[in-house]
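Report on one structure; see the data block that follows.
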Amino acid sequence: MVGRLDNGRSNQSFLLDSSGTRIVLRLNSTTTLLPGANRLAEAEIWQAASARGIAPPLLYVDTQAGFLVSTFIADHLPPQAQTEDTVLDQVFDLLARCHSLEVDVPVMDYAQHIERYWKIINSSGTTPGNTLTRQRGPMLELLESLLNKDTQRGLCHHDPIPANFVGTADRLYLIDWEYAAEGLVVMDYAALGVEWGIADEVVVARSGMEPESLAMAKDLYRYLCALWQAVAAWPNISPRQTPDQVRGDK
């Protein structure tokens with residue numbers, strides 16, 4: 001083993017050397033942030049993305065044992081490179097190719113995702129902030145509006161933060177497919193705008209998203225992030241726990 005890699009929110013990853021080739025061993029968490037997440041679906045999506053050159057090659061998967069092995073891509077983009085046109089060209093291209101993948105996978109239920117957070121919050125006995133409480137109804141209405149707008153759907157990554165784009169400015173790959181599912185394409189672009197600090201007009205011009213839908217999706221994305229952060233801030237519970245685990249139920 002070469003060493004332990006910086007871990008994401010749900011798994012542990014280790015860098016291994018196999019006859020001079022560096023590979024990544026990921027040990028899956030037994031819990032997940034998203035309701036309905038499916039490790040078999042994740043592997044299928046990753047393999048499809050790898051075949052299209054979107055993701056690093058997935059070398060081996062054992063969903064029963066709870067681990068997978070992939071090719072190691074060494075570099076992360078430095079912050080100063082994240083605004084370069086050549087980098088943004090690749091980022092938007094990778095997402096667009098992700099959205100065009102034809103994989104039979106579960107559909108993301110965003111309302112269920114929100115309610116799962118609230119069940120954890122309510123089970124914890126902790127009072128959330130007034131802002132989150134006031135936003136609960138309006139955000140569900142906003143989500144319903146997005147769903148009723150005939151918003152474009154496709155295979156969404158759902159976590160396109162800068163850390164999930166690895167490689168160099170000349171060749172990037174998209175990693176961490178744990179939250180990928182069929183969903184609202186605009187949610188990926190909303191996350192991209194928020195996490196990368198990309199202006200709305202740039203996102204609209206590069207993605208073809210409708211400006212009003214993008215603005216709504218950004219509000220919804222920020223709300224989801226605020227829920228996650230609120231739960232993660234409490235030392236006695238975790239965003240990956242179920243309500244039963246919070247209560248201590250068997």
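These numbers come from a predicted model, not from an experiment. Numbering starts at 1 and runs along the sequence shown.
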Show me the donor-acceptor pairs, under 3.5 Å and distance only, between side chains in residues 45-56 and residues at least two apart or in other chains.
| from | atom 1 | to | atom 2 | distance (Å) |
| --- | --- | --- | --- | --- |
| W46 | NE1 | P56 | O | 2.9 |
| R52 | NH2 | S100 | OG | 3.4 |

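The salt bridge (charged side-chain N to carboxylate O under 4.0 Å, His left out) test applied to R97 returns D93, not counting sequence neighbours. Residues passing the salt bridge (charged side-chain N to carboxylate O under 4.0 Å, His left out) test with E84, sequence neighbours excluded: none. Partners of D200 by salt bridge (charged side-chain N to carboxylate O under 4.0 Å, His left out), not counting sequence neighbours, listed by chain and number: K218.
The side-chain heavy atoms of W118 and L227, taken from C-beta on, include a pair separated by under 4.5 Å. Contact of the F165 side chain with the V87 side chain is not registered, since no non-hydrogen atoms from C-beta on lie closer than 4.5 Å. When side chains are defined from C-beta on, L155 does not count as touching E102, because their heavy atoms never get closer than 4.5 Å. Side chains of E195 and C225 form a contact here, defined as non-hydrogen atoms less than 4.5 Å apart. Between M108 and C156 there is no side-chain heavy-atom pair separated by less than 4.5 Å.
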Test L224 against I114 for side chain to side chain contact (heavy atoms under 4.5 Å, CB included), laying out the working first. CA-CA 7 Å; L224 289 167; I114 292 170; 3.5 Å; yes

I'd like to know whether L192 forms a side chain to side chain contact (heavy atoms under 4.5 Å, CB included) with V203, so could you lay out the CA-CA distance, the side-chain angles of the two residues, the decisive distance to 0.1 Å, and finally the verdict. CA-CA 8 Å; L192 200 66; V203 176; 5.7 Å; no

Stepwise side chain to side chain contact (heavy atoms under 4.5 Å, CB included) check, E115 with L140: CA-CA 10 Å; E115 287 307 304; L140 288 174; 3.8 Å; yes

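The CG atom of D176 sits 6.5 Å away from atom OH of Y179, with the distance rounded to the nearest 0.5 Å. Within the model, atoms CD1 of I23 and CG of D17 stand 8.5 Å from one another, a figure rounded to the nearest 0.5 Å. Note: H157 NE2 to E178 CD = 10.0 Å, rounded to the nearest 0.5 Å. Summarising the geometry, atom CG belonging to L27 is positioned 6.0 Å from atom CD belonging to Q12; distances are rounded to the nearest 0.5 Å. Atom-to-atom distance recorded for L142:CG and L220:CG is 6.0 Å, nearest 0.5 angstrom. Distance check, rounded to the nearest 0.5 Å: CE of M187 to CG of L214 gives 10.5 Å.
In terms of modelled atom types and a separation under 3.5 Å, the side chain of H113 and the main chain of D109 share no donor-acceptor contact. Side chain of Y110 to main chain of L184: a donor-acceptor pair is present (N/O by atom type, distance under 3.5 Å, no hydrogens or angles).
Residues A230 and L132 share a closest heavy-atom pair of CB-CD1, 3.7 Å. Heavy-atom minimum distance, I161 versus W196: C-NE1, 3.8 Å. Closest of all the heavy-atom pairs between D188 and P160 is O-CG, 3.5 Å. Across M139 and D219, no two heavy atoms sit closer than the pair SD-O, 3.8 Å. A pairwise comparison of heavy atoms in L174 and W177 identifies O-NE1, 3.0 Å as the closest pair. The shortest heavy-atom contact between L88 and Q82 is CD2-O, 3.4 Å.
Under the salt bridge (charged side-chain N to carboxylate O under 4.0 Å, His left out) criterion, the residue pairs touching residues 143-154 are K149-E210, K149-E212, with sequence neighbours excluded.
Between F92 and Y189, the ring-plane angle classifies as parallel under the 30° and 60° cut-offs.
Grouping Ile, Leu, Val, Met, Phe, Trp and Tyr by side-chain contacts under 4.5 Å, direct or through others, puts I73 with V166, Y173, I175.
Surrounding CD of Q80 are more than 12 heavy atoms belonging to other residues, nucleotides or ligands, all under 6.0 Å away. Counting heavy-atom neighbours within 6.0 Å of D104 CG, excluding the residue itself, gives a total of 12 or less.
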